[in-house]
Amino acid sequence: MYKIDGVEVDEHEDWMDAPMIFDADDLEEYMEDHNDPLVLTLPVAGCNIMKILIDGGSSVNVLFYDTFKRMELNDEQLMSSYFTIYGFNGAPTKPLGDIELGVKTGPMKVNTQFSVVDAPSPYNDIIGQKWVHKLKGVAATYHQYLRFPTLEGVMEIKGDKVTAR
């Protein structure tokens, strides 16, 4: 489901075709030789969540269990999860369950399925490519921005380079 200020919109409207450009003006002077991931702060289910890794290589969205608890969500809200997540080292992790939560970016709200995982992480959430695509956005780690079309034009969220490091 894709909503703008609570109103459902079609999967494709003309304003969604706005060009998203990244250029040298987007870079801060000392950023030219960095290796930082894109880390954002976003409202998730009404909670302002810091340390969200935007991972364009991930096909799953992960909410870590300690964050799940700090959001005052409870285990009864979890739906059964029927798959296993494999990390970069190939180790399998079985989610505690799945939950659908609204992720808000400016006027846009995307209902997003998260797999809740009880594992240590420097991040609170990992949001993958499916969410970025649903937002019709572009995540640029080099420029440290997430940009996406809205009715008012292209909006952007700047990465938190301090938290990323």
**Student:** What distance separates Asn61 CG from Lys130 NZ, expressed to the nearest 0.5 Å?
**Tutor:** 8.5 Å
**Student:** Pair Asp55, Tyr123 - check side chain to side chain contact (heavy atoms under 4.5 Å, CB included), show working.
**Tutor:** CA-CA 11 Å; Asp55 184 357; Tyr123 305 106; over 6 Å; no
**Student:** Could you measure the distance from the OG atom of Ser81 to the CD1 atom of Ile99? Nearest 0.5 Å is fine.
**Tutor:** 12.5 Å
**Student:** Of all heavy-atom pairs between Leu73 and Gln77, which one has the smallest distance, and what is that distance?
**Tutor:** CA-OE1, 3.3 Å
**Student:** If you round to the nearest 0.5 Å, how far is CG of Leu146 from CG of Leu38?
**Tutor:** 6.5 Å
**Student:** Could you go step by step and tell me if Val132 and Gln129 meet the side chain to side chain contact (heavy atoms under 4.5 Å, CB included) rule?
**Tutor:** CA-CA 5 Å; Val132 174; Gln129 63 194 11; 5.5 Å; no
**Student:** Which is it for Val138 and Tyr145 under the side chain to side chain contact (heavy atoms under 4.5 Å, CB included) test, yes or no, and what are the steps along the way?
**Tutor:** CA-CA 8 Å; Val138 177; Tyr145 281 103; over 6 Å; no
**Student:** Which atom pair, heavy atoms only, marks the closest approach of Leu78 to Gly97?
**Tutor:** CD2-C, 4.0 Å
**Student:** Ignoring hydrogens, what is the shortest heavy-atom contact between Thr112 and Trp131? Give both atom names and the distance.
**Tutor:** OG1-CD1, 3.1 Å
**Student:** Verify, without hydrogens or angle tests, whether Asp125 (side chain) and Ile127 (backbone) share a donor-acceptor contact under 3.5 angstrom.
**Tutor:** no
**Student:** Quick one: CG on Leu40 to CD on Gln144, what's the gap to the nearest 0.5 Å?
**Tutor:** 8.5 Å
**Student:** At what distance, to the nearest 0.5 angstrom, does CD of Gln113 lie from CE of Met79?
**Tutor:** 5.0 Å
**Student:** Less than 4.5 Å apart, side chain to side chain, heavy atoms only: is that true for Pro107 and Leu151?
**Tutor:** no
**Student:** With side chains defined as the heavy atoms from C-beta onward, is the minimum distance between Pro149 and Met20 less than 4.5 Å?
**Tutor:** yes
**Student:** If hydrophobic clusters are built from ILVMFWY residues whose side chains come within less than 4.5 Å, do Val154 and Ile54 share one?
**Tutor:** no
**Student:** I need the minimum non-hydrogen distance between Ile85 and Pro95, along with the two atoms involved.
**Tutor:** CD1-CG, 3.8 Å
**Student:** Quick one: OG1 on Thr141 to CG on Asp36, what's the gap to the nearest 0.5 Å?
**Tutor:** 9.0 Å
**Student:** Check Thr150 against Gly153 and note the closest heavy-atom contact, atom names and distance.
**Tutor:** OG1-O, 2.6 Å
**Student:** Side chains of Met71 and Leu101: does their closest heavy-atom pair fall under 4.5 Å?
**Tutor:** yes
**Student:** In terms of side-chain geometry, is the basic nitrogen of Asp75 or Lys69 positioned less than 4.0 Å from the acidic oxygen of its partner?
**Tutor:** yes
**Student:** Taking the side chain as every heavy atom from C-beta outward, state whether Met155 and Thr105 have any atom pair closer than 4.5 Å.
**Tutor:** no
**Student:** Atom CZ of residue position Phe83 - does it have more than 12 heavy atoms of other residues, nucleotides or ligands inside 6.0 Å?
**Tutor:** yes
**Student:** Where do Ile157 and Phe148 land on the side chain to side chain contact (heavy atoms under 4.5 Å, CB included) test, with the steps shown first?
**Tutor:** CA-CA 9 Å; Ile157 300 173; Phe148 52 97; 4.0 Å; yes
